[in-house]
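Input: a single structure, listed below in structure tokens.
Residues: numbered from 1 along the sequence shown. We use all heavy atoms of the structure for the numbers below, so side chains are in, but hydrogens, waters and symmetry mates are not.
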Amino acid sequence: MKTIAAPPWALILAGGDGTRLRALTRQIAGDPRPKQFCPLLDGETLLDRTRRRVDLFTRPDRQVVIVTRPHEAYFRPLVTDLAPDRLVIQPSNRGTAAGLLYPLLRIADLARDVPMAVFPSDHFVDNDAAFVAPVSGAADALAED
């Protein structure tokens, strides 16, 4: 029997330093920006592509993006683009565990116990719908008794 479940939330990880591809991103962008902020394909950044993909999973007001303060020049447009309290800024990159815990606490504060999926923003995905379908299926399974 299905119950009415809370709509899912998404956590988008965008706090990495992108050191492995720094030479490529510097060549493309002219500065040492992390790859999630670099317009690698058709002028669109990997973070932009991830946000578009996550829109297939849940509403924009149910999306939290984690970034790090040293990358402020690259994430500045998110400050006005995201819903209030949906941008979580770490003082510095402390690795994936901190990058998950800090925004998970924000989601818990905003919505309590809700289904949630984590989306790295530095991966290339060719077929957004095919990628999101099993993630949505997993969230739907949480609504079943």
Side-chain angles (χ1 to χ4, degrees), residues 4-143:
I4 297 173
W9 281 66
L11 168 54
I12 300 173
L13 299 173
D17 293 325
T19 55
R20 288 182 301 238
L21 289 181
R22 183 156 294 147
L24 175 64
T25 59
R26 183 184 298 274
Q27 188 175 16
I28 292 169
D31 57 40
R33 71 182 65 204
K35 64 186 174 228
Q36 66 269 26
F37 299 111
C38 187
L40 294 176
L41 302 165
D42 301 327
E44 189 175 40
T45 69
L46 291 174
L47 177 56
D48 292 337
R49 292 177 65 91
T50 302
R51 292 185 62 213
R52 187 169 34 84
R53 181 178 321 115
V54 171
D55 285 344
L56 299 173
F57 175 67
T58 194
R59 301 183 336 222
D61 65 322
R62 299 194 185 283
Q63 300 172 22
V64 172
V65 179
I66 179 78
V67 294
T68 55
R69 177 72 58 204
H71 306 145
E72 186 170 4
Y74 312 122
F75 70 73
R76 192 171 290 124
L78 292 174
V79 172
T80 57
D81 195 33
L82 293 173
D85 298 322
R86 300 320 189 261
L87 183 63
V88 178
I89 303 170
Q90 300 182 96
S92 62
N93 183 356
R94 297 290 185 202
T96 304
L100 287 168
L101 181 59
Y102 192 28
L104 285 174
L105 293 171
R106 173 72 55 87
I107 292 170
D109 186 52
L110 291 168
R112 301 287 177 235
D113 186 18
V114 293
M116 195 248 346
V118 177
F119 296 85
S121 67
D122 61 353
H123 296 173
F124 173 77
V125 174
D126 189 39
N127 186 329
D128 291 342
F131 181 89
V132 170
V135 179
S136 295
D140 291 343
L142 291 173

Using every non-hydrogen atom in the two residues, find where [X] and [Y] come nearest and quote the distance to one decimal.
| X | Y | value |
| --- | --- | --- |
| P34 | H71 | CG-NE2, 3.4 Å |
| P8 | A139 | CB-CB, 4.3 Å |
| P115 | L142 | CB-CD1, 3.6 Å |
| V114 | A111 | CG1-O, 3.3 Å |
| V118 | P120 | O-CD, 3.9 Å |
| I107 | A10 | CD1-O, 4.4 Å |

Separation between [atom1] of [X] and [atom2] of [Y], rounded to the nearest 0.5 Å:
| X | Y | atom1 | atom2 | value |
| --- | --- | --- | --- | --- |
| I66 | L11 | CD1 | CG | 7.5 Å |
| L110 | R62 | CG | CZ | 10.0 Å |
| D42 | D48 | CG | CG | 12.0 Å |
| L24 | C38 | CG | SG | 6.5 Å |
| R76 | L87 | CZ | CG | 12.0 Å |
| L13 | T50 | CG | OG1 | 9.5 Å |

Q. Is the closest side-chain heavy-atom distance between R49 and V125 below 4.5 Å?
A.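 R49 does not reach V125 side chain to side chain.
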
(Q) Would you say that D55 contacts P60 through its side chain, given a criterion of any heavy-atom pair below 4.5 Å between the two side chains? (A) yes

Q) Should the heavy atoms of other residues, nucleotides or ligands under 6.0 Å from CZ of R94 be counted, would the total exceed 12? A)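 For R94, atom CZ is not crowded (no more than 12 foreign heavy atoms under 6.0 Å).
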
(Q) Surrounding CG of D113 (heavy atoms of other residues, nucleotides or ligands, distance under 6.0 Å), is the total greater than 12? (A)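 Not more than 12 within 6.0 Å, no.
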
(Q) For D122, give me all partners under salt bridge (Lys or Arg N to Asp or Glu O under 4.0 Å), at least two apart in sequence or on another chain. (A) K35

Q | Listed partners of R33 passing side-chain hydrogen bond (donor to acceptor under 3.5 Å, both in side chains), at least two apart | A | D31

Q: Test T45 against R51 for side-chain contact (heavy atoms from CB on, under 4.5 Å), laying out the working first.
A: CA-CA 10 Å; T45 69; R51 292 185 62 213; over 6 Å; no

Q | Stepwise side-chain contact (heavy atoms from CB on, under 4.5 Å) check, T58 with W9 | A | CA-CA 6 Å; T58 194; W9 281 66; 5.8 Å; no

Q: Determine, for F119 and R53, whether the Lys NZ or Arg CZ falls below 6.0 Å from the six-membered ring centre while staying within 45 degrees of the axis.
A: no

Between [X] (side chain) and [Y] (backbone), is there a donor-acceptor pair under 3.5 Å?
| X | Y | result |
| --- | --- | --- |
| Q36 | A14 | yes |
| R22 | D17 | yes |
| R69 | I89 | no |

Q | side-chain contact (heavy atoms from CB on, under 4.5 Å) assessment of L47 paired with L78 | A | CA-CA 11 Å; L47 177 56; L78 292 174; 3.8 Å; yes

